[in-house]
Trainee: 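This is the structure, below, for whatever I ask next.
This is a predicted model, so every value here is computed, not measured. To find a chain, count down the sequence lines: A is the first, B the second, and so on, and within it residues start at 1.
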Protein chains: 2
Amino acid sequence: MKALKIPEATITRLSIYSRFLKRLDKKGITTVSSGDIAEGVGVSPAQVRKDLAYFGEFGTRGVGYNVKDLIRYTVKILGLSDPWSLVMVGAGNLGSALVTYKEFKDRGFSIVGVFDNDLTKIGKRIADMEVLPLEELPKVVKESNVRIGIIAVPSKAAQDIADFMVKSGLEALLNFAPISLNVPDEIEVRNVDLSVKLEILTFNLALKEK
Amino acid sequence: MKALKIPEATITRLSIYSRFLKRLDKKGITTVSSGDIAEGVGVSPAQVRKDLAYFGEFGTRGVGYNVKDLIRYTVKILGLSDPWSLVMVGAGNLGSALVTYKEFKDRGFSIVGVFDNDLTKIGKRIADMEVLPLEELPKVVKESNVRIGIIAVPSKAAQDIADFMVKSGLEALLNFAPISLNVPDEIEVRNVDLSVKLEILTFNLALKEK
DNA sequence: GAAAACTTGTCACAGTATTCACAAATACTC
DNA sequence: GAGTATTTGTGAATACTGTGACAAGTTTTC
């Protein structure tokens with residue numbers, strides 16, 4: 001793996017390629033070209049090749065890529081060769097839905113604890129797990145070697161929760177609250193903003209009116 | 001509004017600025033500088049000014065921006081001055097969570113129908129609404145003048161559902177299924193991929209190991 | 001009311017990301 | 001086995017995005 005700085009857009013696409021390839025594999029397809037991938041995920045063939053080229057030469061000229069091999073490579077690159085344990089903070093509708101979200105499981109993510117500080121939610125059962133009080137978080141993080149936490153709490157609580165999660169030993173946060181979190185530099189944070197894409201649609205529809 | 005091509009990243013940030021400003025307004029703050037916004041959402045001040053500059057001159061030199069005015073402008077730009085009616089297809093965990101997602105409501109989105117073709121889900125109640133069979137979709141789209149639909153069904157079903165939604169008269173789709181949809185050019189589609197950001201985190205954590 | 005302190009809007013520049021185009025390698029055809 | 005058709009990997013060209021720097025305008029200070 002080269003020391004080059006990899007564009008985040010490349011990682012994003014790699015994740016998408018990887019899952020597309022798994023679907024091809026499930027269909028029994030063994031070989032694929034950059035053009036096939038490109039068409040399947042909606043980018044250009046050159047883009048696919050360039051993205052892969054950051055990490056090595058995985059194809060054969062005149063032939064294409066071996067699907068199973070390329071899955072292995074993309075999974076390895078994305079750090080998904082071994083399964084990850086996650087914790088979920090927030091046992092509301094969104095948190096609950098994410099805990100049972102099958103795609104996470106398919107990609108090797110396993111949620112090992114659900115936490116909330118709302119007394120009405122603590123003790124509730126979600127997918128075979130009991131919702132625990134937030135105070136239990138540090139213990140679970142330590143015991144299960146959890147490095148990544150998901151935040152699915154209301155915006156107002158998100159910053160405090162994030163602070164506590166960092167203090168609990170988590171190294172990376174996936175934040176579903178629509179606010180920008182303040183965390184130490186060494187903590188990785190990515191936001192999933194459920195409204196943004198919707199507002200891109202309304203922007204475009206409004207533009208069409210003209 | 002100029003005829004210039006606006007980067008989608010600008011629209012994305014505009015949506016984020018707009019919601020950040022609403023929080024400032026709620027706190028009673030009346031004036032804000034590009035630097036304040038920048039700090040609040042995690043971008044550079046020049047970026048904020050440039051993004052706004054695509055659409056006009058909203059600030060006062062030496063002073064900054066009036067919060068209420070800027071909210072109005074951003075909301076207008078994003079096409080959110082009037083409320084939007086949406087339909088949700090997919091009444092599983094994710095679909096149900098999104099139907100009750102408060103942030104959508106806050107931004108003027110109102111879900112007027114939830115549909116599914118799974119008999120075990122039809123008839124179920126979600127947020128005061130009865131889950132309807134998919135066949136009812138065209139009627140609701142027409143009667144409520146719905147232009148945007150949300151897809152929260154399993155990947156396997158997503159393409160067929162999307163086809164049906166287009167045929168039902170919808171003009172824009174927000175797709176939560178992790179696959180790339182094939183739709184006519186005139187239909188706007190945006191994907192919300194819940195796994196991608198998680199895999200960016202694992203990529204970065206895996207990189208740190210080195 | 002002149003000077004100092006801010007802050008926007010914008011143009012030029014720097015930096016990134018994407019596309020193009022083609023040599024290199026492989027497979028298929030007859 | 002020579003010729004044709006594929007398809008990758010990649011350097012160069014292009015397009016796009018973000019940053020820096022500063023003039024222009026506003027407010028505050030003394």
Trainee: Roughly how many Å is it from CG in B/Leu52 to P in D/dG18, rounded to a whole number?
Mentor: 14 Å
Trainee: Please list, one pair per line, the donor and acceptor atoms closer than 3.5 Å that link side chains of residues 78-93 of chain A to other protein atoms, with sequence neighbours excluded.
Mentor:
{"from": "A/Trp84", "atom 1": "NE1", "to": "A/Gly79", "atom 2": "O", "distance (Å)": "2.8"}
{"from": "A/Asn93", "atom 1": "ND2", "to": "B/Thr100", "atom 2": "OG1", "distance (Å)": "3.0"}

Trainee: For A/Glu143, check salt bridge (charged side-chain N to carboxylate O under 4.0 Å, His left out) against everything at least two apart and list the hits.
Mentor: none
Trainee: Closer than 4.0 Å, any side-chain N/O of B/Tyr65 to the OP1 or OP2 of C/dG9?
Mentor: yes
Trainee: Expected output is a numbered-order residue list: members of residues 7-38 of chain A with a heavy atom under 4.0 Å from any atom of DNA chain C. What is it?
Mentor: A/Pro7, A/Arg13
Trainee: How would nucleotides 20-30 of chain C be written as a contact map, 5' to 3', with B for base contact, S for sugar-phosphate-only contact and - for no contact, using protein heavy atoms under 4.0 Å?
Mentor: BB-BBBBS---
Trainee: Between side-chain atoms of residues 146-154 of chain B and protein atoms elsewhere (two or more places apart, or another chain), which donor-acceptor pairs fall under 3.5 Å?
Mentor:
{"from": "B/Arg147", "atom 1": "NE", "to": "B/Glu171", "atom 2": "OE1", "distance (Å)": "3.4"}
{"from": "B/Arg147", "atom 1": "NE", "to": "B/Glu171", "atom 2": "OE2", "distance (Å)": "2.9"}
{"from": "B/Arg147", "atom 1": "NH2", "to": "A/Glu209", "atom 2": "OE2", "distance (Å)": "3.1"}
{"from": "B/Arg147", "atom 1": "NH2", "to": "B/Glu171", "atom 2": "OE1", "distance (Å)": "3.0"}

Trainee: With a 4.0 Å cut-off, would you call B/Arg19 and B/Glu103 a salt bridge?
Mentor: yes
Trainee: State, to 0.1 Å, how close B/Val48 and B/Tyr17 come at their nearest heavy-atom pair, and which atoms those are.
Mentor: CA-OH, 3.5 Å
Trainee: Closer than 4.0 Å, any side-chain N/O of B/Gln47 to the OP1 or OP2 of D/dT19?
Mentor: yes
Trainee: List the atom pairs, with distances to 0.1 Å, where a side-chain N or O of residues 58-71 of chain B and a protein N or O form a donor-acceptor pair under 3.5 Å, not counting sequence neighbours.
Mentor:
{"from": "B/Asn66", "atom 1": "OD1", "to": "B/Lys68", "atom 2": "N", "distance (Å)": "3.1"}
{"from": "B/Asn66", "atom 1": "OD1", "to": "B/Asp69", "atom 2": "N", "distance (Å)": "2.9"}
{"from": "B/Lys68", "atom 1": "NZ", "to": "B/Asp25", "atom 2": "OD1", "distance (Å)": "2.8"}
{"from": "B/Lys68", "atom 1": "NZ", "to": "B/Asp25", "atom 2": "OD2", "distance (Å)": "3.3"}
{"from": "B/Asp69", "atom 1": "OD1", "to": "B/Arg72", "atom 2": "NH2", "distance (Å)": "2.6"}

Trainee: Does some side-chain heavy atom of A/Met129 sit less than 4.5 Å from a side-chain heavy atom of A/Ile111?
Mentor: yes
Trainee: Calculate the interatomic distance between B/Asp51 atom CG and C/dT10 atom C1'; express it in whole Å.
Mentor: 14 Å
Trainee: Can you check the B/Tyr54 OH to C/dT8 P distance for me, whole Å?
Mentor: 18 Å
Trainee: Do A/Gln47 side-chain atoms and A/Ala38 backbone N/O form a donor-acceptor pair below 3.5 Å?
Mentor: no
Trainee: Can you tell me how far P of C/dT8 sits from CG of B/Asp69, to the nearest Å?
Mentor: 14 Å
